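A, B, ... follow the sequence lines: proteins, then strands. Residue 1 opens every chain. Treat the numbers as computed from the prediction; the structure is a model and nothing was measured.
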Amino acid sequence: MTKAQVIVFFILSIGILLRVLWLGKYPTGFFRDEAALGYNAYSIWLTGKDEFGLRLPTVFRSFEVFFLPLYVYLTAIVTGFFGLSEASTRLVSSISGIFSLIIIYLTASKIWNKKVGILSLLVLAIAPWHIFYSRGAFEGNLALTLFSGGFYFWIKFKDSKMTIHFLISLVLFSLSMYSYQAERLVVPLFLLASSAVWAKGLLTISRRLVIPSIMILIFLSPLISLTFKPGGYHRSLGVSIFSEEPPGYLADSEISLIHKNKVYLRTRQFASLYLSYFSPRNLFLKADDNKQRSVENFSVFYPFMAPMLFLGLLNLLKKRSRNKIDLAFWVFLAPVPAALTSDPFHTYRSLLLYTPLAICVGFGIYSLILAFTSDFYKKAFLCGLILLSFVNLYLFAFDYFVLTSTLRAREWDYGYKEIVKVAVAESSQKIIVDDPWTEPYIHFLFFGKVNPIIYQESVQNLGNPLDYYYNTGDEIRPLGFGKIEFRKIDWPAERGNSGVVFVFFAELLPKSEYESDPNVQLVKEIKYPDGTAAYRIVKIK
Amino acid sequence: MGQIPAGLSLQEANFGLFLSKMFGGFVLTALFVRIPFALLGLSSIFLMFILVFRVSGNFSLAFLSTAILGLSPWHIHESRIFSLGIVILFSFVLLILALSMVFTAKKFVLPFLLLFLASFSVSSLLENNEVRNRVNYERESAFKSGFRFPTVLFSNKVIEGVRSREEIIFDNLDFGNYLFGGHPRQRWGIEEIQKFYAVFLPLFLVGISKIKFRIKYLVLNSGLLIAAGIVFFSLRSPSATLLLIFPIALIIASGLHFLLKPNKKFFTSALLSIFAFEVFIWSINYFSDSSESLFSPRRKIYQELVPALVALRQPEEKVMVNERLGDPEPFFKFYSKNTNGFEFRNFNIKSEKIDADLIVDVLPDAPSPKEALYEENGKWPEEIEVLAVFYDENLRQKAVVYNLK
């Protein structure tokens, strides 16, 4: 093995370890979206239908999120072999993360050289955002890997002009569009921009590309047709900046040139949201506002990488080559879907951005090394870099595995594994669950490993999915199944119902409600890792 | 200048009261309080021109730097209020003018860089409550989770100290902070204002790569010195960080200077058109008083409340003002010139007997039932006769003038 191969292998091993170790245990808790992906995968494997009973859907309706399907179908195969569990649900994302490492090495090596490839690999292997998203069931991470693969083969195609590279690239891009919403916008924009710049080259070989292009369009036709149904646009519309008035809009202002000028205000709003994705404060310091999507004390990249990112981006814009132009398109198009939604700095929706930024950081490090003329200083700089990387990774590991797991367990819907185990084991006529802050039904399905056939027979109020599945974005939830109900509990009226088990989010049932009442037995109080009460399970004697 | 921005800050009120001791009560107007800073702001623009011309020998670059500085919303706003930032900016530009040989020499880059690093390191190690609390919180959380390794290896004052310094640096590296009044991630407790026009961003990026010769070292050296100060003193607010406008304006001007070449006419014309449009829009917004931040220190309420109270008050009547209005005394002294017979303290008419002819009290938005002026049906308590009500946007409460029946 060459020295470079040894280094690549070593970095890759670290990357794999960080993405695979204790996958079922960390992050602590299991988010509702993960449970939905996992349970629907399980249901598909066993019955070919999703939780609503629709056979092989094009999108998965759960919580009106309308997940793109690829993650679920791949996870179905995994759960078929390994059973339904947190680890098996997260495995596809974890493996995607590992493949991303290989792809970034190949891509950066192709655009620049192997040294930049190794540095980019190092940056991604230890990047907080990538470790975080590779350890949860995130379909966006799968989409990112597929897009990255598509990009790699696209730039290979531009150099080789081989039809097979073109076809692989388009297949991967299409699969990414079947994985996450953002890619549905970015892929077409990227291909249009890249093709426009290379129009002359493409025209010379256009005949060979017609059949593969038609095949891909046919492959994408179910997705394209869905675009015009609520199932295809409900989610995007619900979170878009167009769903509410722009900031600065004043309906009763006399200065209509500004305060009622929606074109100006929207442009400004979009510009501020778009630029926030390149803001050093957000990339290196202030993580995603949503605590479920970030790690204590860390944002996307480590702070010491800031000057390197700056150098890398500067180089991208200054010294152009065909591949760098494509990388620039990737960088500047990636945040567009996220910038069209009103949530500021949503790392998940802008996930596509961070791989090319990691490549830029890799190149930035390389250009800094080159700036030193003496070998001694080059080595000293490299040692310093490795030391900084190690220290930051060490602190990240503590903050991720200890602090975040302790302090953000609530954001990850922690507690349901135990709730299901305890509540179901308790003999009772009925179990009623009152938790308005998550989707308790999906957790009961997942952790109870409820047979989908039995669920679909006993579920209340879902009706025939063909009547509503793609056609409406209205909230549709099961009221219950079997002896389990999910609703608000009228405690004063229901506390006398003997034999019923009530599951409360802890804040909804103070201790005084059961400590002083001999008829109410506390079955279990489930606590978060920091010791605060999460849920209370009580039974009426 | 006396009207925009509307209302006075506590600093302005106190400054006015200080000036009135020397010059008499006629200076107790917003205009007089703000004039010194306007003059310093104007002077800083002239000094900028002299400095850049002296350093670069290029008239158009000097003119552009001055124009960028003078037209920036940041500089305009700070010149129109009580601003220590403007005082420091003026002094700083004067200092650089006097020591331009130092600030424009390549050999001083390293010392300034070392100064910055020293500032970063020393301030990281200084004790402060925020760091201490954070460390304790993290260690306690780790212990609760069952983590049994020594937490000092992962969470200690050095690590948190470094993080707190990084926070200061990156807080000042945000596009929203400079171009969009903090949007979309406004900082809590900091007055966010638009500092530059969005069109300055491409000019800034061009300027970074096109900045030349002694101006380059001027920007570097002054930038490092300013950054050292910002990090050491944990500066975040627009006034406190105003010095940054100096190197940033130089870079933007360098970018614009590069683009104002015959072969880039179309692109430059487009940029200048956008620039003119943005100046126009900002001016309308600013001078219609529509652009105030959530955390503006200016208390507009006193502009209306105090004159109204003075009009309602009969001679020798005793007035009780609740301190929950937020430092009312300096404002009352400023606007009414004479607060004999006024008493300022916290009180609750439900729990104590108030001996006053007129009372100025508060009722927060979404009040708790324990509030003195709270009534379930939205009416006022029967024991009071309300004479006037004013809404305080800053503290999200009503200021109520009443007397007891």
Using a cut-off of under 4.5 Å on heavy-atom pairs, state which of [options] scores highest against chain B.
| options | value |
| --- | --- |
| A:Ser342, A:Ala409, A:Ala287 | A:Ala287 |
| A:Ala397, A:Gly531, A:Ala271 | A:Ala271 |
| A:Val391, A:Leu273, A:Asn282, A:Thr28 | A:Asn282 |
| A:Tyr264, A:Phe345, A:Tyr394 | A:Tyr394 |

For atom OH of B:Tyr391, is the number of surrounding heavy atoms from other residues, nucleotides or ligands below 6.0 Å larger than 12?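 Yes, because the 6.0 Å sphere around OH of B:Tyr391 holds more than 12 heavy atoms from other groups.
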
I'd like to know whether CZ of A:Phe372 has more than 12 heavy-atom contacts from other residues, nucleotides or ligands below 6.0 angstrom.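 Yes, CZ of A:Phe372 has more than 12 neighbouring heavy atoms, counting only those of other groups under 6.0 Å.
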
Which atoms of [X] are under 4.5 Å from chain B, going by heavy atoms: the side chain, the backbone, both sets, or neither?
| X | result |
| --- | --- |
| A:Phe310 | side chain |
| A:Pro280 | both |
| A:Lys286 | both |
| A:Leu407 | side chain |
| A:Asp343 | neither |

Between B:Asp174, B:Leu153, B:Asp171, which has the largest tally of heavy atom pairs under 4.5 Å with chain A?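 Most pairs with chain A among the choices: B:Asp174.
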
Heavy-atom pairs under 4.5 Å with chain A, option from B:Asn172, B:Leu173, B:Leu201 with the top count: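 Between B:Asn172, B:Leu173, B:Leu201, the count favours B:Leu173.
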
Which atoms of [X] approach chain A - backbone, side chain, both or neither, heavy atom under 4.5 Å:
| X | answer |
| --- | --- |
| B:Leu205 | neither |
| B:Phe277 | side chain |
| B:Tyr137 | side chain |
| B:Ala198 | neither |

In Å and rounded to the nearest 0.5 Å, what is the CG to CZ distance from A:Asn261 to A:Arg266?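 With rounding to 0.5 Å, CG (A:Asn261) is 11.5 Å from CZ (A:Arg266).
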
Calculate, to the nearest 0.5 Å, the distance between atoms CZ and CZ belonging to A:Phe332 and A:Phe278 respectively.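 Output value for this atom pair is 5.5 Å.
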
Is it the case that the side chains of A:Arg349 and A:Thr341 hold a donor-acceptor pair, with the cut-off being a distance below 3.5 Å and no angle test?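 Short answer, yes.
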
Could you tell me if A:Lys262 sits above the aromatic ring of A:Tyr249, with its cationic atom closer than 6.0 Å to the ring centre and no more than 45 degrees from the axis?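 Output yes; distance and angle both within limits.
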
Can you confirm if the NZ or CZ of B:Lys195 lies within 45° of the ring axis of B:Tyr178 and under 6.0 Å from the centre of its six-membered ring?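 That pair qualifies as a cation-pi contact.
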
Ring-plane angle category for A:Phe298 and A:Tyr302, please: parallel below 30°, perpendicular beyond 60°, tilted otherwise.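 Ring orientation, 0 to 90° scale: perpendicular.
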
N/O donor-acceptor pair under 3.5 Å between A:Ser272 side chain and A:Gln269 backbone: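 Confirmed, A:Ser272 side chain pairs with A:Gln269 backbone.
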
Would you sort out whether A:Phe398 and B:Phe147 count as a ring pair (Phe, Tyr, Trp, His ring centres under 6.0 Å), showing the intermediate values? CA-CA 10 Å; A:Phe398 172 74; B:Phe147 186 72; 5.4 Å; yes

